[in-house]
Amino acid sequence: MGAVSESRTVVAGAVIVNARLLLAQRAHPAELAGRWELPGGKVEPGEQDTTALVRELREELAIDVVVGDPVGADVDLGGGLVLRAYRVNVVSGTPAPLEHSALRWVDAAELHTIDLVAADRQWIPDLVALL
Ligand code: DCM
């Protein structure tokens with residue numbers, strides 16, 4: 001029995017290695033398929049953001065990460081969802097697209113040209129500052 005004002009957080013991870021950012025290509029739903037995002041997913045009720053992001057990146061990319069500082073501002077996705085990004089450092093594994101169509105590493109110039117999902121576009125200046 002949740003309050004009407006309750007919102008659900010979606011966490012996303014900014015993996016940066018050698019001045020390149022890891023992006024993942026969405027496979028679904030149809031309106032987002034083919035567009036690129038910072039990988040992540042929904043925080044479960046009662047779960048911490050950091051725990052959720054570690055879990056999601058293990059499930060989606062087969063990597064273990066340590067979650068760092070937030071990146072940019074929260075983005076209102078509508079429908080009671082709020083999207084939040086964090087820097088993450090890979091501690092083991094090599095990213096593999098277990099749930100995405102593809103992965104790619106982009107530098108700052110490429111980040112401006114890529115077809116990001118709309119919500120993630122708001123972080124471009126913050127991400128460029130980190131690259
Ligand atoms: N989402 C997004 N940008 C991301 C990750 C997720 O806009 N980097 C959105 C897409 C969905 C919702 O969050 O509306 C839940 O994501 P998913 O379908 O991956 O669980």
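These values consider heavy atoms only, across backbone and side chains, with no hydrogens, waters or symmetry-generated copies. These figures come from a predicted structure and were not determined experimentally.
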Legend entry - Working for salt bridge (Lys or Arg N to Asp or Glu O under 4.0 Å), residues D74 and R84: CA-CA 5 Å; D74 289 358; R84 183 174 297 151; 2.8 Å; yes
Inset, instruction - Could you tell me whether the side chain of W36 and the main chain of V117 form a donor-acceptor pair under 3.5 Å? - result: no
Legend entry - Single-linkage hydrophobic cluster, 4.5 Å side-chain cutoff, V10 and L127 together: yes
Legend entry - Nearest heavy-atom neighbours spanning P39 and L61: CG-CD1, 3.7 Å
Inset, instruction - Work out which heavy atom in L38 is nearest to a heavy atom in A85; give both atom names and the distance. - result: CD1-CB, 4.1 Å
Inset, instruction - Test W123 against every option in V128, L130, L83 by the side-chain contact (heavy atoms from CB on, under 4.5 Å) rule and name the one that passes. - result: L83
Legend entry - Cluster check W105, I63: I/L/V/M/F/W/Y, side chain < 4.5 angstrom: yes
Inset, instruction - Would you mind reporting whether V65 and N89 have side-chain heavy atoms less than 4.5 Å apart? - result: no
Legend entry - Criterion side-chain contact (heavy atoms from CB on, under 4.5 Å) on R104 and E110, from CA distance to verdict: CA-CA 11 Å; R104 65 176 289 188; E110 290 165 330; 3.9 Å; yes
Legend entry - Between CD1 on residue I124 and CG on residue L111, distance to nearest 0.5 Å: 5.0 Å
Inset, instruction - Hey, could you give me the OG/CZ distance between S92 and R58, rounded to the nearest 0.5 Å? - result: 8.0 Å
Inset, instruction - Indicate yes or no: at least one non-hydrogen side-chain atom of D120 is less than 4.5 angstrom from one of L23. - result: no
Legend entry - OG1-CG distance between T94 and L103, expressed to the nearest 0.5 angstrom: 11.0 Å
Inset, instruction - Take V67 and V54, measure what side-chain contact (heavy atoms from CB on, under 4.5 Å) needs, and give me the verdict at the end. - result: CA-CA 7 Å; V67 178; V54 168; 4.0 Å; yes
Inset, instruction - Please confirm whether the backbone N or O of K42 pairs with a side-chain atom of R8, one donor and one acceptor, at under 3.5 Å? - result: no
Legend entry - Hydrophobic cluster membership, L53 vs V43, 4.5 Å side-chain cutoff: yes
Inset, instruction - Find out if a path of hydrophobic residues (ILVMFWY) with successive side-chain heavy-atom gaps under 4.5 Å connects Y86 to V17. - result: yes
Inset, instruction - Kindly indicate whether the side chain of V82, heavy atoms from C-beta on, has any atom under 4.5 Å from the side chain of V75. - result: no
Legend entry - Backbone of G78 reached by a side-chain donor or acceptor of D76 within 3.5 Å: yes
Inset, instruction - Verify salt bridge (Lys or Arg N to Asp or Glu O under 4.0 Å) between R55 and E47, making sure each step is shown before the conclusion. - result: CA-CA 10 Å; R55 176 181 54 73; E47 192 179 33; 2.8 Å; yes
Inset, instruction - Over all heavy atoms of both residues, which pair between H100 and A24 is shortest? Give the atoms and the distance, please. - result: CD2-CB, 3.3 Å
Legend entry - Residue among V106, V15, I114 satisfying side-chain contact (heavy atoms from CB on, under 4.5 Å) with L21: V106
Inset, instruction - Please round to the nearest 0.5 Å and tell me the distance separating atom CG of L116 and atom CD of Q25. - result: 11.5 Å
Legend entry - Spacing of R121 atom CZ and E37 atom CD [to the nearest 0.5 Å]: 14.0 Å
Inset, instruction - For the pair E99 (side chain) and E60 (backbone), establish whether a donor and an acceptor sit closer than 3.5 Å, ignoring hydrogens and angles. - result: no
Legend entry - Residues, nucleotides or ligands: over 12 heavy atoms within 6.0 Å of Q48 CD: no
Inset, instruction - Kindly give the heavy-atom pair with the smallest separation between G41 and E56, and that separation in Å. - result: CA-CD, 3.6 Å
Legend entry - Value rounded to 0.5 Å, distance of CG in D64 from CG in L57: 9.5 Å
Legend entry - Other residues, nucleotides, ligands: >12 heavy atoms within 6.0 Å of D115 CG: yes
Inset, instruction - Group every Ile, Leu, Val, Met, Phe, Trp and Tyr by side-chain heavy-atom contacts under 4.5 Å, then state whether V71 and L77 land in the same group. - result: yes
